[in-house]
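Keep in mind that this is a model prediction, so the values were computed, not measured. Lettering of chains follows the sequences in order, A, B, ..., and the numbering in each one begins at 1.
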Protein chains: 2
Amino acid sequence: MNIGDVSKESGVSTKMIRYYEQIGLIPAAHRTEAGYRIYRDNDVHRLRFIRRARDLGFSMDQLTQLMALWSDRHRASADVKRIAREHIAELERKIHELQAMTDALKHLAEHCHGDQDPECPILEDLAGAIEVEARHADLTRFGAGGADPVRRKKEIQ
Amino acid sequence: MNIGDVSKESGVSTKMIRYYEQIGLIPAAHRTEAGYRIYRDNDVHRLRFIRRARDLGFSMDQLTQLMALWSDRHRASADVKRIAREHIAELERKIHELQAMTDALKHLAEHCHGDQDPECPILEDLAGAIEVEARHADLTRFGAGGADPVRRKKEIQ
DNA sequence: CTACGGCTTCCAACGATGGGAAAGTCAAGC
DNA sequence: GCTTGACTTTCCCATCGTTGGAAGCCGTAG
């Protein structure tokens, strides 16, 4: 099997297959005399495993651990479960952060007339929470953007 | 005010201030004879506006639009609200995707004994849904990783 | 004068992926 | 045997927002 065949069968692009090989996530494929990578069914299974784990949002690091456990006959399922639990916790953390943003935005949007008038609580809030609070004491800010807004962007993006 | 001062007052790193200037998000600062950027209170306000919008997860593109509206006295609040609504929809889409991953993982983790035994539904699922279904018909897979698993990773990360 | 901290620009890296160019390879059809 | 087209190879670049570092200039306190 050439790389294009494995790609079709595994759902992983040829670009990514070469990348995974390059970073050592999968072993270097054997080559034909002409330099073409050659694969067997085993490799398709491995790439499908990778794709499914990525679809579930596992990081490359977690994926590396999962693959090691996958190929370890004497693994303890507790180790797998621990990784899954850690990932679940991380996902839930992100969900909560996104939810906090959504809640704050929804709150602001509800108070915006959304008409031809330039008056807009959303912009007022972005311009400065303190001044806004002085003028619109009823508009309490939520977590995001508070006194110590903690740059979370990177973690979320 | 030098760039360090605005950075402290606005909460935006000097690196990012220069970057925002470079990509045209903010106008180029005036310079001293020695080439130092000089700022006024106005600039601090603008950077705080940017930081708050980023904290709420707005993209740079949306941010550009918001800043244009912010400085437009004749804006219609409807335009601002529309951007906010679009962003809310995007946030909710991401939340749903993360939630789907979480649900699928929780389901798998629940069925994993998490002991010293190598038997593990999580790994079996990653290894191949079809074979797993044949052996564990009660373990139905969720959305992520199904027949057409659609690469969503990029959108979420 | 010296030392230190702030400022400047430029370059690189991150993580995972896609795009594309230039060149070599293979197989089918003529 | 030759052409053609699909496939493969490596290499470089771009994304997106942000951080880090290096080399060198500036400003001020001691």
| task | Produce a footprint string for nucleotides 5-11 of chain D: one letter per nucleotide, 5' end first; B if the base is under 4.0 Å from any protein heavy atom, S if only the sugar-phosphate is, - if neither. | result | --BSBBB
| Closer to the 5' end of DNA chain D via nearest nucleotide, is it E33(B) or M60(B)? | M60(B)
| Note, L56(B) side chain near L105(A) side chain (heavy atom, < 4.5 Å) | yes
| Whether R75(A) side chain and L69(A) backbone form a donor-acceptor pair below 3.5 Å | yes
| request: Just jot down the ring pair (Phe, Tyr, Trp, His ring centres under 6.0 Å) partners of Y39(B), sequence neighbours excluded, or say none. | output: none
| task | To the nearest 10°, let me know how far the axis at one end of the helix from dC1(C)-dG30(D) to dC30(C)-dG1(D) is tilted from the axis at the other, five pairs an end. | result | 30°
| request: Please check if the side chain of S10(A) supplies one atom and the backbone of V6(A) the other of a donor-acceptor pair under 3.5 Å. | output: yes
| task | Only one of K94(B), R93(B), Q99(B) passes side-chain hydrogen bond (donor to acceptor under 3.5 Å, both in side chains) with E97(B); say which it is. | result | R93(B)
| request: Measure the distance from OH on Y19(B) to P on dG20(D) and round it to the nearest whole Å. | output: 16 Å
| request: Provide, to the nearest angstrom, the distance between the CG atom belonging to L25(A) and the C1' atom belonging to dT17(C). | output: 14 Å
| Distance-only, no hydrogens or angles: does the H96(B) side chain make a donor-acceptor pair with backbone N or O of E92(B) under 3.5 Å? | yes
| query | Any chance CZ of R82(B) has more than 12 other-residue heavy atoms, nucleotides or ligands included, within less than 6.0 Å? | reply | yes
| request: Kindly point out which of dA16(C), dT18(D), dT19(D) is positioned nearest to the side chain of R54(A)? | output: dA16(C)
| field | Heavy-atom check, side chain of F49(B) versus side chain of L123(A), under 4.5 Å | value | yes
